[in-house]
Amino acid sequence: MRDAEIRQLPQLIGEEVRIRGWLFNKRSSGKLQFLILRDGTGYLQALVFKPEVSDQVWEDAERLGQESSLWVVGTVRQDTRAPGGVELVVRQLGIVQLCQDFPITPKEHGVAFLMDHRHLWLRSRRQHAILRVRSELCFAIREFFHSRGYVLIDSPILTPAACEGTSTLFETDYFGEKAYLSQSGQLYLEPAAAAHGKVYCFGPTFRAEKSKTRRHLMEFWMVEPEVAWMRFAELLDLAEEFVAELVARILDRCQEELKRLERDTSKLEPATQRPYPRIDYADAVAKLQAKGFAVQFGDDFGGDEETALADESGKPVMITRYPAHIKAFYMEPDPEDPSRALAVDMIAPEGYGEIIGGSERIGSYELLEQRIREHNLPREAFQWYLDIRKYGAFPHSGFGMGIERVVAWLCGLEHVRETIPYPRMLYRLYP
RNA sequence: UCCGCAGUAGCUCAACGGUAGAGCGUCCGGCUGUUAACCGGAGGGUUGGGGGUUCGAAUCCCUCCUGCGGAGCCA
(Lines give C-alpha, C1' and ligand atoms only; values in the text may rest on other atoms or scores of the structure.)
Protein backbone atom coordinates (compact mmCIF):
# COMPACT_ATOMS: atom_id res chain seq x y z
CA MET A 1 0.00 0.00 0.00
CA ARG A 2 1.30 3.43 -0.92
CA ASP A 3 0.21 7.03 -0.74
CA ALA A 4 -0.95 8.50 -4.01
CA GLU A 5 -2.24 11.75 -5.43
CA ILE A 6 -5.57 11.66 -7.17
CA ARG A 7 -4.07 12.71 -10.49
CA GLN A 8 -1.88 9.59 -10.47
CA LEU A 9 -4.76 7.12 -10.15
CA PRO A 10 -5.32 6.39 -13.87
CA GLN A 11 -1.81 4.87 -13.80
CA LEU A 12 -2.53 2.80 -10.67
CA ILE A 13 -5.51 0.66 -11.76
CA GLY A 14 -5.82 -2.44 -9.60
CA GLU A 15 -3.47 -1.18 -6.89
CA GLU A 16 -4.29 -0.45 -3.30
CA VAL A 17 -3.48 3.13 -2.31
CA ARG A 18 -4.09 5.68 0.42
CA ILE A 19 -5.55 9.05 -0.55
CA ARG A 20 -5.54 12.00 1.83
CA GLY A 21 -7.83 14.93 1.19
CA TRP A 22 -11.10 16.67 1.85
CA LEU A 23 -14.70 15.70 1.27
CA PHE A 24 -15.92 17.74 -1.67
CA ASN A 25 -19.41 16.25 -1.88
CA LYS A 26 -21.30 13.11 -0.94
CA ARG A 27 -24.16 11.09 -2.35
CA SER A 28 -25.72 7.97 -0.92
CA SER A 29 -28.13 5.32 -2.01
CA GLY A 30 -29.07 2.77 0.65
CA LYS A 31 -26.08 0.54 1.08
CA LEU A 32 -23.83 2.65 -1.18
CA GLN A 33 -22.11 5.91 -0.41
CA PHE A 34 -20.27 7.94 -3.00
CA LEU A 35 -17.69 10.19 -1.38
CA ILE A 36 -16.27 12.81 -3.71
CA LEU A 37 -12.78 13.63 -2.48
CA ARG A 38 -10.40 16.38 -3.52
CA ASP A 39 -6.71 16.57 -2.69
CA GLY A 40 -5.60 19.57 -4.73
CA THR A 41 -4.49 17.45 -7.67
CA GLY A 42 -7.92 16.27 -8.71
CA TYR A 43 -11.31 14.90 -7.76
CA LEU A 44 -12.03 11.28 -6.90
CA GLN A 45 -15.18 9.26 -6.45
CA ALA A 46 -14.63 6.92 -3.50
CA LEU A 47 -17.17 4.11 -3.28
CA VAL A 48 -18.19 2.81 0.16
CA PHE A 49 -20.26 -0.40 -0.14
CA LYS A 50 -21.81 -1.45 3.16
CA PRO A 51 -21.38 -5.25 2.86
CA GLU A 52 -17.68 -4.83 2.12
CA VAL A 53 -16.59 -2.50 4.95
CA SER A 54 -16.73 -2.62 8.73
CA ASP A 55 -19.65 -0.98 10.54
CA GLN A 56 -17.19 1.61 11.83
CA VAL A 57 -16.09 2.63 8.32
CA TRP A 58 -19.71 2.80 7.16
CA GLU A 59 -20.77 4.98 10.09
CA ASP A 60 -17.73 7.25 9.77
CA ALA A 61 -18.53 7.75 6.11
CA GLU A 62 -22.10 8.67 7.04
CA ARG A 63 -20.93 11.28 9.55
CA LEU A 64 -18.67 13.13 7.13
CA GLY A 65 -19.74 16.70 6.36
CA GLN A 66 -18.58 18.73 3.38
CA GLU A 67 -14.85 19.61 3.60
CA SER A 68 -14.09 17.14 6.38
CA SER A 69 -10.45 16.09 6.15
CA LEU A 70 -9.87 12.35 5.87
CA TRP A 71 -7.90 9.51 4.38
CA VAL A 72 -9.18 6.46 2.58
CA VAL A 73 -7.48 3.21 1.66
CA GLY A 74 -8.86 1.17 -1.19
CA THR A 75 -8.40 -0.34 -4.60
CA VAL A 76 -8.26 1.78 -7.75
CA ARG A 77 -10.81 0.61 -10.30
CA GLN A 78 -11.74 1.65 -13.78
CA ASP A 79 -15.47 2.30 -14.12
CA THR A 80 -17.24 4.24 -16.83
CA ARG A 81 -19.90 5.33 -14.32
CA ALA A 82 -17.32 7.23 -12.26
CA PRO A 83 -16.53 10.86 -13.14
CA GLY A 84 -13.12 10.73 -14.78
CA GLY A 85 -13.47 7.00 -15.43
CA VAL A 86 -11.60 5.95 -12.28
CA GLU A 87 -12.87 5.36 -8.75
CA LEU A 88 -11.60 4.01 -5.47
CA VAL A 89 -13.30 1.07 -3.75
CA VAL A 90 -12.87 1.96 -0.09
CA ARG A 91 -11.67 -0.62 2.46
CA GLN A 92 -10.52 1.63 5.28
CA LEU A 93 -11.36 5.23 6.14
CA GLY A 94 -10.03 7.60 8.77
CA ILE A 95 -11.50 10.92 9.80
CA VAL A 96 -8.83 13.55 10.44
CA GLN A 97 -11.32 16.25 11.32
CA LEU A 98 -15.07 16.20 11.10
CA CYS A 99 -16.23 19.39 9.44
CA GLN A 100 -19.69 20.84 9.94
CA ASP A 101 -21.49 23.71 8.24
CA PHE A 102 -18.92 24.55 5.58
CA PRO A 103 -20.21 27.92 4.35
CA ILE A 104 -19.72 27.42 0.62
CA THR A 105 -22.21 24.77 -0.40
CA PRO A 106 -22.39 23.21 -3.88
CA LYS A 107 -25.07 25.73 -4.86
CA GLU A 108 -24.69 29.27 -6.11
CA HIS A 109 -23.56 32.15 -3.91
CA GLY A 110 -23.30 35.90 -4.24
CA VAL A 111 -20.05 37.76 -4.83
CA ALA A 112 -20.01 39.52 -1.46
CA PHE A 113 -20.49 36.28 0.43
CA LEU A 114 -17.80 34.53 -1.57
CA MET A 115 -15.32 37.40 -1.13
CA ASP A 116 -15.91 37.33 2.64
CA HIS A 117 -15.00 33.64 2.51
CA ARG A 118 -12.17 33.97 0.01
CA HIS A 119 -9.92 31.78 2.17
CA LEU A 120 -12.42 28.93 1.77
CA TRP A 121 -13.54 29.86 -1.74
CA LEU A 122 -10.04 28.99 -2.97
CA ARG A 123 -11.01 25.32 -2.62
CA SER A 124 -13.76 25.49 -5.22
CA ARG A 125 -13.21 23.98 -8.66
CA ARG A 126 -13.34 27.24 -10.50
CA GLN A 127 -10.99 29.17 -8.23
CA HIS A 128 -8.63 26.21 -8.21
CA ALA A 129 -8.48 26.26 -12.00
CA ILE A 130 -7.92 30.02 -12.21
CA LEU A 131 -5.03 30.03 -9.76
CA ARG A 132 -3.42 27.13 -11.61
CA VAL A 133 -3.53 29.20 -14.80
CA ARG A 134 -2.00 32.11 -12.91
CA SER A 135 0.76 29.88 -11.56
CA GLU A 136 1.51 28.50 -15.00
CA LEU A 137 1.53 31.99 -16.50
CA CYS A 138 3.97 33.31 -13.90
CA PHE A 139 6.26 30.35 -14.49
CA ALA A 140 6.09 30.87 -18.25
CA ILE A 141 6.98 34.54 -17.81
CA ARG A 142 10.09 33.70 -15.80
CA GLU A 143 11.06 31.01 -18.31
CA PHE A 144 10.60 33.39 -21.22
CA PHE A 145 13.02 35.92 -19.80
CA HIS A 146 15.44 33.52 -18.18
CA SER A 147 15.85 31.52 -21.40
CA ARG A 148 16.68 34.73 -23.26
CA GLY A 149 19.38 35.81 -20.85
CA TYR A 150 17.44 38.37 -18.85
CA VAL A 151 18.49 38.89 -15.24
CA LEU A 152 15.82 39.08 -12.55
CA ILE A 153 16.20 42.33 -10.61
CA ASP A 154 13.85 42.75 -7.68
CA SER A 155 12.83 46.36 -7.32
CA PRO A 156 11.93 47.78 -3.91
CA ILE A 157 8.40 47.88 -2.56
CA LEU A 158 9.06 50.79 -0.16
CA THR A 159 10.11 53.85 -2.10
CA PRO A 160 10.89 57.44 -1.20
CA ALA A 161 8.90 59.16 -3.95
CA ALA A 162 6.40 58.79 -6.70
CA CYS A 163 7.70 56.93 -9.73
CA GLU A 164 5.49 58.62 -12.26
CA GLY A 165 4.05 61.41 -10.23
CA THR A 166 0.57 60.70 -11.49
CA SER A 167 -1.10 57.85 -9.63
CA THR A 168 -2.09 58.15 -6.02
CA LEU A 169 0.28 56.23 -3.78
CA PHE A 170 -0.20 54.39 -0.53
CA GLU A 171 1.74 56.28 2.11
CA THR A 172 3.36 54.70 5.11
CA ASP A 173 5.59 55.80 7.97
CA TYR A 174 9.28 54.96 7.60
CA PHE A 175 10.80 55.78 11.00
CA GLY A 176 9.49 59.31 10.86
CA GLU A 177 9.96 59.72 7.13
CA LYS A 178 7.27 59.29 4.52
CA ALA A 179 7.56 56.22 2.35
CA TYR A 180 5.32 54.97 -0.43
CA LEU A 181 4.40 51.55 -1.74
CA SER A 182 5.84 51.08 -5.19
CA GLN A 183 3.55 51.58 -8.15
CA SER A 184 6.13 50.37 -10.66
CA GLY A 185 9.61 48.87 -10.58
CA GLN A 186 10.64 50.44 -13.84
CA LEU A 187 12.70 53.38 -12.65
CA TYR A 188 14.79 51.08 -10.49
CA LEU A 189 15.20 48.73 -13.41
CA GLU A 190 16.85 51.25 -15.72
CA PRO A 191 20.05 51.48 -13.63
CA ALA A 192 20.10 47.69 -13.50
CA ALA A 193 19.88 47.55 -17.30
CA ALA A 194 23.13 49.52 -17.36
CA ALA A 195 24.65 46.82 -15.19
CA HIS A 196 23.23 43.69 -16.81
CA GLY A 197 21.88 44.70 -20.22
CA LYS A 198 18.63 42.74 -20.21
CA VAL A 199 16.71 42.75 -16.94
CA TYR A 200 13.20 42.28 -15.63
CA CYS A 201 11.33 42.61 -12.38
CA PHE A 202 8.23 40.77 -11.32
CA GLY A 203 6.38 41.68 -8.18
CA PRO A 204 3.44 43.37 -6.54
CA THR A 205 2.63 47.02 -7.20
CA PHE A 206 0.21 49.33 -5.46
CA ARG A 207 -2.13 52.06 -6.60
CA ALA A 208 -4.27 54.01 -4.18
CA GLU A 209 -6.64 55.17 -6.90
CA LYS A 210 -10.24 54.80 -5.82
CA SER A 211 -10.96 52.75 -8.88
CA LYS A 212 -14.07 50.64 -8.83
CA THR A 213 -14.18 48.57 -11.99
CA ARG A 214 -13.73 44.97 -13.06
CA ARG A 215 -10.23 45.73 -14.31
CA HIS A 216 -8.74 47.29 -11.16
CA LEU A 217 -7.15 46.15 -7.94
CA MET A 218 -5.30 48.20 -5.33
CA GLU A 219 -2.54 45.59 -5.23
CA PHE A 220 -1.60 43.84 -8.45
CA TRP A 221 1.35 42.03 -9.96
CA MET A 222 3.35 43.42 -12.80
CA VAL A 223 6.22 42.04 -14.84
CA GLU A 224 8.52 44.64 -16.35
CA PRO A 225 11.40 43.97 -18.75
CA GLU A 226 13.94 46.70 -19.44
CA VAL A 227 16.51 46.32 -22.20
CA ALA A 228 19.67 48.31 -22.87
CA TRP A 229 20.20 49.45 -26.48
CA MET A 230 16.68 48.41 -27.44
CA ARG A 231 14.85 50.88 -29.66
CA PHE A 232 11.10 51.35 -30.01
CA ALA A 233 10.63 49.07 -33.04
CA GLU A 234 12.36 46.20 -31.26
CA LEU A 235 10.29 46.82 -28.15
CA LEU A 236 7.13 46.26 -30.17
CA ASP A 237 8.53 42.95 -31.42
CA LEU A 238 9.45 41.91 -27.90
CA ALA A 239 6.00 42.65 -26.48
CA GLU A 240 4.37 40.76 -29.32
CA GLU A 241 6.67 37.73 -29.06
CA PHE A 242 6.17 37.70 -25.28
CA VAL A 243 2.38 37.69 -25.31
CA ALA A 244 2.13 35.26 -28.24
CA GLU A 245 4.36 32.78 -26.46
CA LEU A 246 2.53 33.11 -23.15
CA VAL A 247 -0.85 32.50 -24.75
CA ALA A 248 0.46 29.47 -26.65
CA ARG A 249 1.96 28.14 -23.46
CA ILE A 250 -1.27 28.43 -21.49
CA LEU A 251 -3.30 26.84 -24.29
CA ASP A 252 -0.83 23.97 -24.26
CA ARG A 253 -0.46 23.41 -20.54
CA CYS A 254 -3.78 24.47 -19.05
CA GLN A 255 -6.25 22.64 -21.28
CA GLU A 256 -8.00 21.02 -18.32
CA GLU A 257 -8.30 24.28 -16.40
CA LEU A 258 -9.59 26.26 -19.39
CA LYS A 259 -12.14 23.53 -20.07
CA ARG A 260 -13.35 23.68 -16.47
CA LEU A 261 -13.66 27.46 -16.81
CA GLU A 262 -15.63 26.89 -20.04
CA ARG A 263 -13.25 29.19 -21.84
CA ASP A 264 -13.80 29.31 -25.60
CA THR A 265 -10.16 28.73 -26.53
CA SER A 266 -10.79 29.45 -30.20
CA LYS A 267 -10.91 33.09 -29.12
CA LEU A 268 -7.35 32.82 -27.76
CA GLU A 269 -5.85 31.00 -30.76
CA PRO A 270 -5.42 34.13 -32.93
CA ALA A 271 -3.20 35.67 -30.25
CA THR A 272 -0.63 32.90 -30.72
CA GLN A 273 -0.07 34.10 -34.31
CA ARG A 274 2.22 37.04 -34.97
CA PRO A 275 2.20 39.78 -36.01
CA TYR A 276 -0.41 41.72 -34.06
CA PRO A 277 -2.03 44.76 -35.63
CA ARG A 278 -0.11 47.96 -34.95
CA ILE A 279 -2.11 51.14 -35.14
CA ASP A 280 -0.65 54.61 -34.99
CA TYR A 281 -2.43 56.72 -32.39
CA ALA A 282 -3.57 59.17 -35.10
CA ASP A 283 -5.09 56.33 -37.13
CA ALA A 284 -6.72 54.95 -33.99
CA VAL A 285 -8.39 58.30 -33.36
CA ALA A 286 -9.62 58.39 -36.97
CA LYS A 287 -10.97 54.85 -36.73
CA LEU A 288 -12.81 55.68 -33.52
CA GLN A 289 -14.28 58.84 -34.96
CA ALA A 290 -15.50 56.84 -37.97
CA LYS A 291 -17.22 54.49 -35.51
CA GLY A 292 -18.97 57.43 -33.90
CA PHE A 293 -16.83 57.96 -30.81
CA ALA A 294 -16.39 61.55 -29.64
CA VAL A 295 -12.60 61.33 -29.21
CA GLN A 296 -10.38 64.16 -30.34
CA PHE A 297 -6.70 63.97 -31.24
CA GLY A 298 -4.91 64.44 -27.95
CA ASP A 299 -7.40 62.52 -25.82
CA ASP A 300 -6.55 59.31 -24.05
CA PHE A 301 -8.81 56.33 -24.75
CA GLY A 302 -11.44 55.01 -22.33
CA GLY A 303 -12.48 51.42 -21.85
CA ASP A 304 -15.12 51.43 -24.58
CA GLU A 305 -12.72 52.92 -27.09
CA GLU A 306 -10.05 50.34 -26.30
CA THR A 307 -12.57 47.56 -26.75
CA ALA A 308 -13.67 48.92 -30.10
CA LEU A 309 -10.07 49.08 -31.35
CA ALA A 310 -9.17 45.55 -30.22
CA ASP A 311 -12.29 43.76 -31.40
CA GLU A 312 -11.55 44.03 -35.10
CA SER A 313 -8.96 41.28 -35.48
CA GLY A 314 -9.54 39.08 -32.47
CA LYS A 315 -5.87 39.58 -31.62
CA PRO A 316 -4.26 41.97 -29.18
CA VAL A 317 -3.73 45.33 -30.80
CA MET A 318 -0.77 47.66 -30.29
CA ILE A 319 -1.47 51.38 -30.29
CA THR A 320 1.70 53.37 -30.89
CA ARG A 321 3.04 56.94 -30.73
CA TYR A 322 0.67 58.53 -28.24
CA PRO A 323 0.70 62.29 -27.67
CA ALA A 324 3.48 62.92 -25.16
CA HIS A 325 1.32 64.95 -22.79
CA ILE A 326 -0.96 62.02 -21.92
CA LYS A 327 1.97 59.70 -21.22
CA ALA A 328 4.62 59.39 -18.51
CA PHE A 329 7.43 61.93 -18.14
CA TYR A 330 10.28 59.51 -18.92
CA MET A 331 9.14 58.53 -22.44
CA GLU A 332 11.38 59.32 -25.41
CA PRO A 333 9.88 61.77 -27.91
CA ASP A 334 9.27 60.55 -31.44
CA PRO A 335 12.13 62.02 -33.57
CA GLU A 336 9.64 62.60 -36.42
CA ASP A 337 7.22 64.48 -34.18
CA PRO A 338 8.42 65.49 -30.72
CA SER A 339 4.85 66.13 -29.55
CA ARG A 340 4.40 62.37 -29.63
CA ALA A 341 6.02 59.75 -27.42
CA LEU A 342 7.57 56.45 -28.47
CA ALA A 343 4.96 54.73 -26.35
CA VAL A 344 2.86 51.63 -26.90
CA ASP A 345 -0.22 50.18 -25.27
CA MET A 346 -1.26 46.63 -26.03
CA ILE A 347 -5.01 46.12 -25.82
CA ALA A 348 -6.35 42.62 -25.30
CA PRO A 349 -9.41 41.49 -27.25
CA GLU A 350 -12.90 40.84 -25.83
CA GLY A 351 -12.92 43.98 -23.70
CA TYR A 352 -10.08 43.04 -21.36
CA GLY A 353 -8.40 46.37 -21.94
CA GLU A 354 -4.80 47.44 -21.68
CA ILE A 355 -2.50 44.60 -20.69
CA ILE A 356 0.82 46.20 -21.61
CA GLY A 357 2.14 49.73 -21.49
CA GLY A 358 5.66 50.50 -22.61
CA SER A 359 8.04 52.94 -24.24
CA GLU A 360 11.52 53.86 -25.24
CA ARG A 361 13.01 55.90 -22.39
CA ILE A 362 14.43 59.38 -22.57
CA GLY A 363 18.19 59.25 -23.15
CA SER A 364 19.10 62.89 -22.74
CA TYR A 365 19.92 64.31 -19.30
CA GLU A 366 18.72 67.78 -20.26
CA LEU A 367 15.41 66.62 -21.66
CA LEU A 368 14.69 64.38 -18.68
CA GLU A 369 15.49 67.22 -16.32
CA GLN A 370 13.11 69.44 -18.25
CA ARG A 371 10.34 66.84 -18.11
CA ILE A 372 10.75 66.42 -14.36
CA ARG A 373 10.35 70.17 -14.05
CA GLU A 374 7.31 70.28 -16.35
CA HIS A 375 5.59 67.54 -14.31
CA ASN A 376 6.33 69.38 -11.05
CA LEU A 377 8.22 66.40 -9.67
CA PRO A 378 10.68 66.83 -6.79
CA ARG A 379 13.99 67.04 -8.57
CA GLU A 380 16.14 65.87 -5.64
CA ALA A 381 14.18 62.64 -5.40
CA PHE A 382 15.04 61.86 -9.00
CA GLN A 383 18.76 62.67 -8.96
CA TRP A 384 19.68 59.00 -8.95
CA TYR A 385 17.42 58.48 -11.96
CA LEU A 386 19.03 61.41 -13.77
CA ASP A 387 22.44 59.89 -13.03
CA ILE A 388 21.70 57.12 -15.52
CA ARG A 389 21.79 59.80 -18.24
CA LYS A 390 24.93 61.34 -16.77
CA TYR A 391 27.17 58.30 -16.39
CA GLY A 392 27.07 56.44 -19.69
CA ALA A 393 23.70 57.28 -21.16
CA PHE A 394 22.31 54.60 -23.45
CA PRO A 395 19.14 54.03 -25.44
CA HIS A 396 16.78 51.62 -23.65
CA SER A 397 13.20 50.50 -23.70
CA GLY A 398 10.83 48.45 -21.63
CA PHE A 399 7.24 47.69 -20.81
CA GLY A 400 5.03 46.53 -17.97
CA MET A 401 2.40 43.83 -18.13
CA GLY A 402 -0.37 43.43 -15.56
CA ILE A 403 -0.70 39.78 -14.57
CA GLU A 404 -4.27 39.89 -13.34
CA ARG A 405 -5.68 41.35 -16.54
CA VAL A 406 -3.86 38.73 -18.58
CA VAL A 407 -5.18 35.92 -16.37
CA ALA A 408 -8.70 37.36 -16.63
CA TRP A 409 -8.37 37.43 -20.41
CA LEU A 410 -6.92 33.92 -20.69
CA CYS A 411 -9.58 32.48 -18.37
CA GLY A 412 -12.44 34.56 -19.80
CA LEU A 413 -13.39 36.06 -16.43
CA GLU A 414 -15.77 38.91 -15.73
CA HIS A 415 -13.57 40.49 -13.08
CA VAL A 416 -9.88 40.52 -12.11
CA ARG A 417 -10.72 39.89 -8.45
CA GLU A 418 -10.75 36.13 -9.08
CA THR A 419 -7.28 36.11 -10.64
CA ILE A 420 -5.32 36.76 -7.45
CA PRO A 421 -5.56 34.66 -4.27
CA TYR A 422 -6.44 37.55 -1.97
CA PRO A 423 -7.66 40.57 -3.93
CA ARG A 424 -7.20 44.02 -2.47
CA MET A 425 -10.07 46.15 -3.65
CA LEU A 426 -11.65 49.45 -2.82
CA TYR A 427 -13.06 49.04 0.71
CA ARG A 428 -12.14 45.36 0.88
CA LEU A 429 -9.09 44.26 2.84
CA TYR A 430 -10.46 41.04 4.39
CA PRO A 431 -9.44 38.27 4.50
C1' U B 1 -14.92 61.19 -5.85
C1' C B 2 -19.33 60.99 -9.13
C1' C B 3 -23.65 58.22 -11.40
C1' G B 4 -26.83 53.90 -11.19
C1' C B 5 -28.67 49.13 -8.75
C1' A B 6 -29.44 46.13 -4.45
C1' G B 7 -29.83 44.57 1.09
C1' U B 8 -35.98 39.28 3.22
C1' A B 9 -34.08 32.03 6.70
C1' G B 10 -26.95 29.75 6.98
C1' C B 11 -26.88 30.50 1.16
C1' U B 12 -29.61 31.97 -3.57
C1' C B 13 -34.06 34.28 -4.34
C1' A B 14 -39.85 35.15 -4.35
C1' A B 15 -43.73 38.00 -2.18
C1' C B 16 -44.09 44.84 -4.11
C1' G B 17 -49.88 48.31 0.78
C1' G B 18 -53.54 43.38 3.77
C1' U B 19 -51.59 36.10 7.79
C1' A B 20 -43.33 36.14 5.17
C1' G B 21 -42.63 31.69 1.04
C1' A B 22 -39.52 28.28 -2.16
C1' G B 23 -34.98 25.72 -3.55
C1' C B 24 -30.33 24.40 -1.54
C1' G B 25 -27.56 23.51 3.13
C1' U B 26 -28.65 21.36 8.28
C1' C B 27 -31.27 17.33 11.26
C1' C B 28 -34.47 12.62 10.97
C1' G B 29 -36.24 8.55 7.73
C1' G B 30 -36.05 5.65 2.70
C1' C B 31 -33.21 3.71 -1.57
C1' U B 32 -27.10 -1.44 -4.26
C1' G B 33 -24.39 2.96 -9.21
C1' U B 34 -25.02 8.13 -7.67
C1' U B 35 -23.28 12.32 -11.32
C1' A B 36 -25.09 19.96 -8.20
C1' A B 37 -28.50 12.20 -7.10
C1' C B 38 -33.54 11.40 -5.80
C1' C B 39 -38.12 10.70 -2.43
C1' G B 40 -40.71 11.83 2.50
C1' G B 41 -40.58 14.73 7.09
C1' A B 42 -38.62 18.53 10.68
C1' G B 43 -36.25 22.93 12.38
C1' G B 44 -34.99 27.75 10.74
C1' G B 45 -37.12 35.26 10.27
C1' U B 46 -37.40 41.92 15.16
C1' U B 47 -37.49 41.61 6.13
C1' G B 48 -29.51 46.06 7.04
C1' G B 49 -30.02 50.44 11.23
C1' G B 50 -32.92 54.79 12.53
C1' G B 51 -37.03 58.04 11.51
C1' G B 52 -41.69 59.15 8.85
C1' U B 53 -46.63 58.33 5.92
C1' U B 54 -50.84 54.82 6.74
C1' C B 55 -56.25 51.60 10.08
C1' G B 56 -52.16 48.47 8.37
C1' A B 57 -45.20 48.79 5.68
C1' A B 58 -40.61 43.67 3.58
C1' U B 59 -43.49 46.81 0.12
C1' C B 60 -44.22 54.12 -0.09
C1' C B 61 -40.90 58.57 1.66
C1' C B 62 -36.29 60.53 4.24
C1' U B 63 -31.59 59.33 6.24
C1' C B 64 -27.39 56.42 7.51
C1' C B 65 -24.63 51.85 6.81
C1' U B 66 -23.03 47.83 3.67
C1' G B 67 -22.35 45.53 -0.99
C1' C B 68 -22.47 45.37 -6.46
C1' G B 69 -21.91 47.66 -11.41
C1' G B 70 -20.02 51.74 -14.22
C1' A B 71 -17.15 56.54 -14.98
C1' G B 72 -12.55 59.01 -14.24
C1' C B 73 -7.37 56.92 -13.74
C1' C B 74 -4.64 53.09 -15.10
C1' A B 75 -1.89 47.45 -15.71
Side-chain angles (χ1 to χ4, degrees), chain A residues 24-36 43 45-52 58 62-63 65-67 77 79-85 87 89 99-117 120-121 124-126 163-164 166-169 183-186 204-224 239 299-306 326-328 344-348 351-358 399-409 414-417 419-420 425-428 430:
Chain A
F24 183 71
N25 200 358
K26 185 168 75 170
R27 293 182 281 272
S28 68
S29 174
K31 296 187 169 56
L32 273 173
Q33 290 187 70
F34 299 95
L35 309 179
I36 311 301
Y43 298 84
Q45 173 165 290
L47 181 68
V48 183
F49 186 35
K50 194 170 186 183
E52 292 182 3
W58 179 258
E62 281 192 313
R63 290 158 62 210
Q66 189 193 348
E67 288 302 321
R77 183 169 78 182
D79 193 312
T80 49
R81 292 168 295 186
E87 66 184 7
V89 183
C99 173
Q100 290 175 322
D101 299 323
F102 188 72
I104 303 175
T105 60
K107 291 285 175 178
E108 67 276 7
H109 299 279
V111 173
F113 179 81
L114 289 170
M115 289 306 311
D116 285 341
H117 297 86
L120 303 176
W121 191 21
S124 75
R125 286 180 130 106
R126 180 182 161 82
C163 278
E164 309 189 11
T166 50
S167 305
T168 319
L169 302 175
Q183 56 156 346
S184 163
Q186 181 214 314
T205 48
F206 308 86
R207 306 264 166 105
E209 295 286 351
K210 292 193 172 178
S211 299
K212 211 171 152 43
T213 83
R214 66 183 66 190
R215 297 188 303 277
H216 287 88
L217 296 169
M218 304 301 112
E219 177 181 320
F220 66 98
W221 282 62
M222 190 153 64
V223 56
E224 297 172 275
D299 294 348
D300 207 351
F301 301 139
D304 290 347
E305 283 119 16
E306 287 180 349
I326 56 171
K327 286 292 173 185
V344 58
D345 282 358
M346 187 188 289
I347 316 294
Y352 286 96
E354 184 186 341
I355 52 173
I356 278 181
F399 65 78
M401 185 179 84
I403 300 306
E404 288 74 18
R405 285 188 185 174
V406 174
V407 175
W409 169 44
E414 282 297 304
H415 200 299
V416 292
R417 65 185 161 214
T419 66
I420 187 166
M425 299 186 294
L426 193 57
Y427 310 130
R428 184 178 280 285
Y430 177 92

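Chain letters run A, B, ... following the sequence lines, proteins first and then strands; every chain starts at 1.
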Exercise for the section: Please answer whether the main-chain N or O of A:R215 pairs with a side-chain N or O of A:R405 as donor and acceptor at a distance below 3.5 Å. Expected result: yes
Completion exercise
When rounded to whole Å, the CE to C1' distance for the pair A:M218 and B:A75 reads 12 Å
Practice task
Provide, to the nearest angstrom, the distance between the NZ atom belonging to A:K210 and the P atom belonging to B:G72.
Solution key: 18 Å
Exercise for the section: State whether A:H117 places a side-chain N or O below 4.0 Å from either non-bridging phosphate oxygen (OP1 or OP2) of B:C11. Expected result: no
Practice task
Measure from NZ on A:K212 to P on B:C3 and round the result to the nearest Å.
Solution key: 14 Å
Problem - A:F113 CZ to B:U66 C1', straight-line distance once rounded to whole Å - result: 16 Å
Practice task
Check whether any side-chain N or O of A:R63 sits under 4.0 Å from OP1 or OP2 of B:C27, and answer yes or no.
Solution key: no
Practice task
Would you kindly check whether a donor in the side chain of A:T105 faces an acceptor in the base of B:C24, or vice versa, at under 3.5 angstrom?
Solution key: no
Exercise for the section: Let me know the distance between CG of A:L169 and C1' of B:C73, rounded to the nearest Å. Expected result: 13 Å
Handout entry: Quiz item: A:R77 side-chain donor-acceptor pair to B:G33 base, under 3.5 Å
Key = yes
Exercise for the section: Check whether any side-chain N or O of A:R125 sits under 4.0 Å from OP1 or OP2 of B:A36, and answer yes or no. Expected result: no
Problem - Under-3.5 Å donor-acceptor pair between A:R405 side chain and B:C74 base - result: yes
Handout entry: Under 5.5 Å and under 30°: A:F34 stacked on B:G33
Key = no
Exercise for the section: Report yes or no: is there a donor-acceptor pair, N or O only, under 3.5 Å between the side chain of A:H109 and the base of B:C11? Expected result: no
Handout entry: Heavy-atom side-chain contact between A:I403 and A:F220 under 4.5 Å
Key = no
Problem - Integer-rounded Å distance: B:A71 P and A:D300 CG - result: 14 Å
Exercise for the section: Measure distances between side-chain N and O atoms of A:Q100 and base N and O atoms of B:G25, and say whether any donor-acceptor pair falls under 3.5 Å. Expected result: no
Handout entry: Within-4.5 Å side-chain heavy-atom neighbours: A:R428 and A:R417
Key = no
Handout entry: Sugar-phosphate, base or nothing in reach of A:R428, heavy atoms under 4.0 Å
Key = sugar-phosphate
Practice task
Let me know the distance between CE of A:M115 and P of B:C68, rounded to the nearest Å.
Solution key: 8 Å
Problem - Neighbour count above 12 (heavy atom, 6.0 Å) for A:K50 NZ - result: no
Exercise for the section: Round to the nearest Å and state the distance from A:Q33 atom CD to B:U34 atom P. Expected result: 16 Å
Practice task
Could you go through the side chain to side chain donor-acceptor pair (under 3.5 Å) check for A:S184 and A:E224 one step at a time?
Solution key: CA-CA 8 Å; A:S184 163; A:E224 297 172 275; 2.9 Å; yes
Exercise for the section: Tell which nucleotide pairs with B:U1, taking only Watson-Crick or G-U wobble pairs whose two distances are both under 3.5 angstrom. Expected result: B:A71
